[in-house]
Amino acid sequence: MRGTVGHNDLVTDIPRRAASRTAKLAALPLGFAGRAALGLGKRAVGIASDVISADIQQRTAEQLFSVLGQLKGGAMKFGQALSVFEAALPDEMAGPYRQALTKLQEAAPPMPVANVHKALAEQLGPDWRDLFAEFDDSPAAAASIGQVHRAVWKLPPARRNGKPKLLPVAVKVQYPGAGDALVSDLKQLSRLAGMFKIIQPGMDVKPLIAELRDRIIEELDYEMEAETQRTFAAAYQDDPEIFVPRVVTSAPQILVTEWVDGTPLSAVIADGTQAERDEAGRLMAILHFSAPGRAGLLHADPHPGNFRILPDGRLGVIDFGAVARLPGGHPEPIGRLVRLALDGEAEAVVDGLREEGFIKPADDIDAQALLDFLLPMIEPVAVDRFRFTRSWIRNEAGRLANPRGPAYALSRKLNLPPSYLLIHRVTLGSIGVLSQLEAEAGYREILQKWLPGFAPVP
């Protein structure tokens, strides 16, 4: 029976695979220690410290991204969330990591049909089949902690003829044991906080990783996701530009929502006309900046797979597992400090960033150098219209990642407060998508309408 693996084999193989995952994660700090020792040795023979730092940084990033890219579940999700670090690295470092994640997502094996049915029975009741007119056992999509099935839900019958209404739905089913695996991975990965000092020495990493861990664990609770999606749907009900599908029903590990038909954003990136890509970028920016004010929430997973362009032109938004909770809307200091930077108020920008925790109290920062560091980043809102391009984002990444450049040295002094983590992640991810779209729009006008503190005071 060589070459054949049954479901029981997969179950009994879990302890061995878990041990292998733990061993890979545990090896990361050891590799880091070895590279640090190598750096000390190179200093002893007179090699410049900036060359050593860049060399150790590259080796550390390569190993970190390689290990995270090989693992599924929590490690893969944690790796995706660490894009706040990855985005600052040159493509030769981060490219293989992104490729590994893409392959994992594309090759994720489907859950056995019997397990899907068992989960539905446990979560929706033994008569779960009576809730559906149709249920496709083949998953329509797969992710790190669950998979999505297409189905047709029976709504309560209309009074006139007594026949149930039928609604196409997406049924998200969490993998059995996904929660335990996720928590185990995050415990291991939380021990790696010291490694990130190599990538970003000025950052207070431990609270940042704790915030990431808490937000990622929230994604296991599909009832919490359902409540979040209901809030979004209510905020954008009948909106002419943004569409959020309604929640049909939910359980801790099952989520049933209205099915969304439309053109995937990835297809617009690949084959859309310039006008279609410009409009998609404009809608993405409107969602990003309007949601905190309208829903008190920020959609925190700006991956092209989570968006569709509907036949009527609206932006369809799916997957609300990752969100930033902003009950007071976008923090006002973001808009105010961007406006001060555009106005050339260097000292006021430093004071504001220090007050928000981006600059540590004891750190001395040259105000004009910081302004020079920031202005290229906020160029998209310094003009009436701006086109994001792949070359623009590559130039920015190169500017920030060049160990001999002033931007690199200054960036390593800056901190990222945990309360801004998901906002920063979404901003970086959204800029990446806009650059893939090469979208042009009036982004400054969008910020003036939706970002508190940005609009000039009359």
Side-chain angles (χ1 to χ4, degrees), residues 69 76-77 79-84 86-92 94-108 140-144 148 170 241-245 259-291 298-322 377 379-381 385-398 424-443 446:
M76 187 177 83
K77 185 166 285 294
Q80 290 171 306
L82 286 173
S83 61
V84 292
E86 176 264 338
L89 298 176
D91 196 62
E92 60 267 22
Y97 168 62
R98 286 195 294 265
Q99 293 168 11
L101 282 176
T102 301
K103 289 177 182 176
L104 275 176
Q105 290 169 330
E106 291 174 350
S144 54
V148 177
E241 297 179 310
I242 308 294
F243 171 75
V244 177
W259 184 268
V260 180
D261 275 318
T263 304
L265 191 61
S266 57
V268 178
I269 291 171
D271 301 313
T273 66
Q274 187 62 61
E276 290 168 339
R277 289 186 280 122
D278 289 348
E279 178 64 3
R282 187 184 74 85
L283 294 174
M284 286 281 292
I286 288 174
L287 173 71
H288 175 95
F289 288 104
S290 68
L298 177 65
H299 187 283
D301 192 6
H303 183 278
N306 291 334
F307 303 96
R308 305 281 186 272
I309 301 299
L310 276 56
D312 62 9
R314 287 180 295 172
L315 179 71
V317 189
I318 60 177
D319 196 338
F320 293 85
M377 298 181 196
E379 180 188 1
V381 294
R385 293 186 67 81
F386 182 84
R387 181 176 302 284
F388 285 92
T389 63
R390 294 173 188 269
S391 61
W392 178 83
I393 198 171
R394 277 198 300 267
N395 288 339
E396 271 302 284
H424 187 54
R425 174 188 171 189
V426 174
T427 301
L428 288 180
S430 298
I431 288 173
V433 174
L434 293 176
S435 298
Q436 288 179 313
L437 286 164
E438 302 216 324
E440 179 180 338
Y443 299 106
I446 294 172

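Because the structure is predicted, anything quoted here is derived from the model rather than measured. Atoms considered below: every heavy atom in the structure, side chains included; atoms not considered: hydrogens, waters and symmetry mates.
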List the atom pairs, with distances to 0.1 Å, where a side-chain N or O of residues 391-398 and a protein N or O form a donor-acceptor pair under 3.5 Å, not counting sequence neighbours.
| from | atom 1 | to | atom 2 | distance (Å) |
| --- | --- | --- | --- | --- |
| Ser391 | OG | Thr389 | OG1 | 3.1 |
| Trp392 | NE1 | Glu379 | OE1 | 3.2 |
| Asn395 | ND2 | Ser391 | O | 3.2 |
| Glu396 | OE1 | Arg399 | NH2 | 2.9 |
| Glu396 | OE2 | Arg399 | NE | 3.0 |

Please table the atom pairs, donor to acceptor, closer than 3.5 Å between any side-chain atom in residues 430-438 and protein atoms at least two apart or in another chain.
| from | atom 1 | to | atom 2 | distance (Å) |
| --- | --- | --- | --- | --- |
| Ser430 | OG | Val426 | O | 2.8 |
| Ser435 | OG | Ile431 | O | 2.9 |
| Glu438 | OE2 | Arg390 | N | 3.1 |

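Nearest heavy-atom pair across Pro311 and Gly262 is CD-CA, 4.5 Å. Looking at every heavy atom in both residues, Gly305 comes nearest to Ile318 through O-CD1, 3.8 Å. Counting all heavy atoms, side chain and backbone alike, Val148 lies closest to Ala170 at CG1-CB, 3.9 Å.
Applying the side-chain hydrogen bond (donor to acceptor under 3.5 Å, both in side chains) rule to pairs touching residues 305-320 yields Asp301-Asn306, Asp312-Arg314, sequence neighbours excluded.
Between the NE2 atom of His299 and the CE atom of Met284 there is a distance of 8.5 Å, given to the nearest 0.5 Å. Rounded to the nearest 0.5 angstrom, Ile242 CD1 and Leu310 CG are separated by 10.5 Å.
The closest side-chain heavy-atom distance from Phe307 to Val317 is below 4.5 Å. For the pair Ile309/Leu315, a side-chain contact is recorded, criterion being any heavy-atom separation below 4.5 Å from C-beta on.
Residues satisfying the side chain to side chain donor-acceptor pair (under 3.5 Å) test with Asp271, not counting sequence neighbours, are none. Under the rule for a side chain to side chain contact (heavy atoms under 4.5 Å, CB included), the partners of Gln274 that lie at least two apart in sequence or sit in another chain are Arg277, Asp278, Arg387. Scanning for side chain to side chain contact (heavy atoms under 4.5 Å, CB included) contacts around Ala140 gives Trp259, with sequence neighbours left out.
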